[in-house]
Each structure stands twice: as C-alpha cells, then as structure tokens.
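Computed from a prediction, not measured in an experiment: that's the story for all the values here. Values below: every heavy atom of this structure, side chains too, minus hydrogens, waters and symmetry copies. Chain naming here is simple, since letters A, B, ... match the order of the sequence lines and numbering starts at 1 in each.
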Amino acid sequence: VTTWLVVLAVGLGTYAFRAAMFAIVGARDVPAWAQRPLAYVSPAALGALVGGMLLTAHGTAEVPGLAEAGAVIVSFATVRRSGNIAAGIATGFLTLWAIAAVTG
Amino acid sequence: MTGTVRDTTQATSSRALARAGARDMTPMVIGVVPFGLAVGAMMGSSGLDPWAAAVSAPLILAGAAQLTTLQMLEAGSNPVVIVVSALLINLRILLYSASLAPWFAGVRLRTRLLLATSVIDQTHFVVVPRFEQGDLDHRGRVAYYTGASAWLVSAWLASQLVAMVVGAELPESARLDMAAPLALIGLLAKSVGTRPAALAAALGVAVATMGAGLPLHSATLVATVTGITVAVVAEATS
C-alpha cells in the first residue's frame with residue numbers, strides 16, 4: 001500500500017508542476033520581468049543535467065574517463081558545425097568506442 | 001466551399017507539423033530508450049509490486065524521479081522523504097511549464113491540461129526553439145508539440161515495458177548509457193549561442209558537479225536556478 005501511495009503522490013505532485021503554469025497563463029501575456037529568466041531555462045537546465053550525468057557519481061564530483069570526455073567534445077563540435085544532433089550522437093559514440101578500443 | 005478547402009489545408013499542415021515534431025524529437029528518443037530499458041530491467045528484477053512499478057512509468061513520466069522513487073522504495077526509505085526527494089528532482093518541470101505556457105495561451109483550458117501531461121526536459125528543449133522561429137500559430141504549435149511529445153512518451157513507455165517483461169541484456173562495452181548525455185550535449189551545442197546563455201550552461205554544469213552531494217537530490221534544481229540567475233545578471237550588466 002505504501003508503494004502505491006508514494007507512486008501516486010509523486011505522480012500527482014509532478015503533474016501539478018506540469019499543469020500549474022499551463023492553467024495560470026491563459027489568455028494573458030507573461031509579464032516582462034519573467035520573460036528574461038525564461039529565456040535561459042534551456043541552457044541552464046541542459047548544463048545542470050549534463051553535469052549531473054557526466055561529472056558526478058554516487059553523490060560526489062567525479063572526473064570522467066578519456067573516452068567519455070573525447071566523445072562529448074567530438075559530439076559537441078559535430079553539432080556546432082552541422083546543427084545535426086543525430087550526427088553528433090553518432091560521432092560521439094564512434095569516438096567513445098575508438099578510444100575505448102585503443103586504451104583497452 | 002472555400003471553408004472546406006482551407007480546412008483540408010489546415011488538417012494537412014497540422015499532420016505535417018506533427019510529423020516534423022516527431023522527426024525533431026528522434027535524437028532525444030535515441031537518448032532515452034537505453035535509459036528506459038535500464039529502468040525497465042531494474043523494475044523487472046526488483047522486489048517491488050510489479051503493477052505499482054509499471055504504473056509509476058506513465059504516472060511520473062520523468063526518468064530520474066521515477067528511478068529514485070523505486071530505488072528508495074526498495075531500500076525501505078521513509079515514504080515522506082521519498083516523495084519530497086522525487087518532487088524536488090521534478091520541481092524543474094515547473095520552469096518548463098512556465099516557459100512553454102505562453103506559447104499555448106490561446107488554446108482552450110482542457111487542451112492545455114492535456115498538453116501539460118508530457119511537459120519534460122526533452123519536450124521543452126526541442127519545442128521551444130521551433131516555436132521561437134515565430135511562424136506557427138497556436139494550432140500549429142499544438143500539432144508540433146503533440147507529434148514531438150507523443151513519439152517521445154510512447155518510445156519511453158514502450159522501452160520500459162519491453163525491458164520489464166522480457167528483460168534487457170545491454171552489452172556493457174557498448175556504453176549505451178552515454179546516449180542520453182550525448183543527446184543533451186547536442187541540444188546544449190545549439191542553445192549556447194549568446195554569452196549569457198553560455199554562462200548559464202557553464203554555471204549549470206559547475207554547480208551540478210560541485211553540489212552533487214546536496215541533500216534530497218536537489219543539485220540539478222539548484223544548478224539550474226543558479227545558471228538562470230547569473231545569466232540574467234550578466235545580460236543586465238552587459
């Protein structure tokens with residue numbers, strides 16, 4: 001029963017976050033003071049998510065391996081040049097596998 | 001007569017926009033499927049009530065919070081602590097909701113509440129740059145958003161269900177766990193066009209890393225808010 005209640009509470013709470021602003025912002029415009037911060041939600045959140053995935057492990061900061069670092073740099077550069085995210089994922093993985101194969 | 005013609009064009013373009021949304025979401029789908037398979041496999045082998053675990057996927061619809069919830073449940077943590085931790089992880093969704101909501105301001109409430117069910121990192125990141133091009137009316141935005149989020153959500157749920165039922169043996173050497181960060185790296189490369197934006201991203205990375213030990217899994221949220229704040233200040237003083 002606890003399991004169900006916890007899952008339900010997390011699910012409902014999360015939906016409340018999702019729907020809150022959709023419900024409030026109806027026909028009226030967002031005030032100007034709120035527009036500036038909203039423009040930086042994507043880069044800030046992306047940085048935070050990527051940092052959490054690549055540079056931490058078990059709740060502490062961690063230096064990534066050579067293969068991971070190489071993959072990230074090549075992937076980033078690929079998308080900067082081509083604008084194609086799928087191509088970036090592909091070159092990232094090729095780099096990852098190549099470095100892993102060489103360094104064993 | 002003209003009305004009929006216009007309706008047909010509109011229906012076609014809505015469908016085309018939904019397809020475009022799905023196409024633009026595909027790199028993110030590549031990123032989330034390995035994660036979904038891993039979460040599904042974990043649910044299949046855990047000691048938790050399989051139905052509750054299965055229902056957690058569509059109900060929470062956010063990978064990190066779902067995984068944390070299930071892991072803490074299995075570890076027998078205090079239920080209140082579990083709910084608070086998971087909701088803190090998901091509080092960032094409120095920012096996505098705020099940033100997406102104005103684009104759907106002209107849409108009826110019932111539709112908006114339905115669209116809200118799939119607000120998550122990937123939908124926000126993919127959809128906002130497309131909306132910012134400014135050529136879509138709200139009908140077009142709903143179509144694009146629906147196509148993008150339906151593809152993401154169905155792939156995410158399917159990957160979990162498949163792994164939960166039949167299991168998933170992912171070869172460890174393939175490092176498919178890197179698909180999710182690499183997909184986000186691509187978005188990051190596209191979103192750091194201006195100096196304040198680059199600063200926001202750099203601060204996000206730095207604070208998420210340094211603050212990894214923050215209580216209740218709050219590092220991502222703190223890092224995001226710090227990044228936004230610094231970018232706004234930088235923009236104002238430049």
Side-chain angles (χ1 to χ4, degrees), chain A residues 2-11 13-15 17-30 34 36-56 59-61 67-68 71-72 75-76 79-80 83 85-86 88-89 92-93 96-97 100, chain B residues 27 30 48-49 52 55-56 59-60 62 65 69 73 79 82-83 86-87 90-95 97-99 101-102 105 112-113 116 119 121 125 128 175 178 181-192 197 200-202 204-205 208-210 212-213 219-220 223-224 227-228 231-232:
Chain A
T2 314
T3 306
W4 281 99
L5 283 178
V6 167
V7 168
L8 201 66
V10 175
T14 302
Y15 180 69
F17 295 153
R18 295 186 154 112
M21 295 303 162
F22 276 54
I24 293 168
V25 182
R28 82 197 95 131
D29 284 339
V30 179
R36 255 165 228 280
L38 290 179
Y40 298 111
V41 169
S42 280
L46 277 166
L49 290 171
V50 166
M53 284 176 177
L54 294 175
L55 300 174
T56 68
T60 51
E68 287 86 354
V72 166
S75 189
F76 187 89
V79 179
R80 287 298 279 182
I85 299 177
I89 296 175
F93 267 110
L96 183 78
W97 294 332
Chain B
I30 298 171
L48 295 169
D49 175 353
V55 166
S56 75
L59 205 59
I60 300 175
T69 302
L73 276 170
I82 303 177
V83 174
L87 289 181
N90 280 351
L91 193 53
R92 72 186 188 291
I93 293 176
L94 194 60
L95 294 172
S97 176
S99 133
R112 293 208 306 274
L113 292 178
V119 173
D121 311 272
F125 297 143
V128 168
R175 292 301 312 274
M178 282 293 284
L182 287 179
L184 297 183
I185 287 284
L187 288 172
L188 193 65
K190 289 185 139 187
S191 76
V192 292
V205 172
T209 309
M210 296 307 145
T220 309
T224 305
I228 294 170
V232 169

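Between atom CG of residue Leu188(B) and atom CD1 of residue Ile85(A) there is a gap of 10.0 Å, rounded to the nearest 0.5 Å. The structure places CD1 of Ile82(B) at 11.5 Å from CG of Leu5(A), a figure rounded to the nearest 0.5 Å. Here CG of Leu8(A) is found 12.0 Å from OG1 of Thr3(A). Values are rounded to the nearest 0.5 Å.
Looking at Leu54(A), the atoms closer than 4.5 Å to chain B (heavy atoms on both sides) all sit in the side chain, from C-beta outward. For Ile228(B), the parts lying under 4.5 angstrom from a heavy atom of chain A are both the backbone and the side chain. Val83(B) touches chain A through backbone and side chain together, each having a heavy atom under 4.5 Å away. Both the backbone and the side chain of Thr209(B) come within contact range of chain A, with heavy atoms under 4.5 Å apart. Looking at Arg92(B), only its side chain comes within 4.5 Å of chain A, counting heavy atoms on both sides. Looking at Thr60(A), only its backbone comes within 4.5 Å of chain B, counting heavy atoms on both sides. With a 4.5 Å cut-off on non-hydrogen atoms, Met210(B) does not touch chain A at all. For Ala183(B), the parts lying under 4.5 angstrom from a heavy atom of chain A are both the backbone and the side chain. At a 4.5 Å heavy-atom cutoff, the contact between Asn90(B) and chain A is made by backbone and side-chain atoms alike. Only the side chain of Leu96(A) comes within less than 4.5 Å of a heavy atom of chain B; its backbone N, CA, C and O stay farther away. Residue Phe93(A) touches chain B through both its backbone and its side chain, counting heavy-atom pairs closer than 4.5 Å.
Applying the side-chain contact (heavy atoms from CB on, under 4.5 Å) test to Ala20(A) and every residue at least two apart in sequence or in another chain returns Leu94(B).
In this structure, the side chains of Phe17(A) and Val119(B) stay at 4.5 Å or more apart for every pair of heavy atoms.
Of the listed residues (Gly13(A), Pro37(A), Ala71(A), Ala100(A)), the one with the most heavy-atom contacts under 4.5 Å to chain B is Pro37(A). Ranked by heavy-atom pairs under 4.5 Å with chain A, the list Leu95(B), Leu113(B), Leu48(B) is led by Leu113(B). For the set Ala9(A), Gly83(A), Ala67(A), Gly88(A), the entry with the most heavy-atom pairs within less than 4.5 Å of chain B is Gly83(A). Put simply, of Ala86(B), Pro181(B), Gly213(B), the one with the most heavy-atom pairs under 4.5 Å next to chain A is Pro181(B). When the candidates Ala65(B), Ala52(B), Ser191(B) are compared by the number of heavy-atom contacts under 4.5 Å with chain A, Ala52(B) comes out ahead. Residue with the most contacts toward chain A among Pro27(B), Ala189(B), Ser99(B): Ala189(B) (heavy-atom pairs, distance under 4.5 Å). Ranked by heavy-atom pairs under 4.5 Å with chain A, the list Gly227(B), Ala201(B), Ala223(B) is led by Ala201(B).
Ser97(B) places a side-chain N or O within 3.5 Å of a backbone atom of Met21(A) that can act as its donor or acceptor partner.
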query = After noting the C-alpha distance and the side-chain angles of Ser56(B) and Thr69(B), does the key distance pass the side chain to side chain contact (heavy atoms under 4.5 Å, CB included) rule?
reply = CA-CA 9 Å; Ser56(B) 75; Thr69(B) 302; over 6 Å; no

inquiry  = Does Ile185(B) form a side chain to side chain contact (heavy atoms under 4.5 Å, CB included) with Val79(A)? I'd like the steps, not just the answer.
reply    = CA-CA 9 Å; Ile185(B) 287 284; Val79(A) 179; over 6 Å; no

Would you mind writing out the side-chain donor-acceptor pairs for residues 38-53 of chain A within the sub-3.5 Å range, not counting sequence neighbours?
| unit_1 | atom_1 | unit_2 | atom_2 | d |
| --- | --- | --- | --- | --- |
| Tyr40(A) | OH | Glu235(B) | OE2 | 2.6 |
| Ser42(A) | OG | His124(B) | ND1 | 3.4 |

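Of all non-hydrogen atoms in Arg18(A) and Ala62(B), the two that sit nearest each other are NH2-CB, 4.2 Å. Residues Ala208(B) and Ala219(B) approach most closely at O-CB, 4.2 Å, considering heavy atoms.
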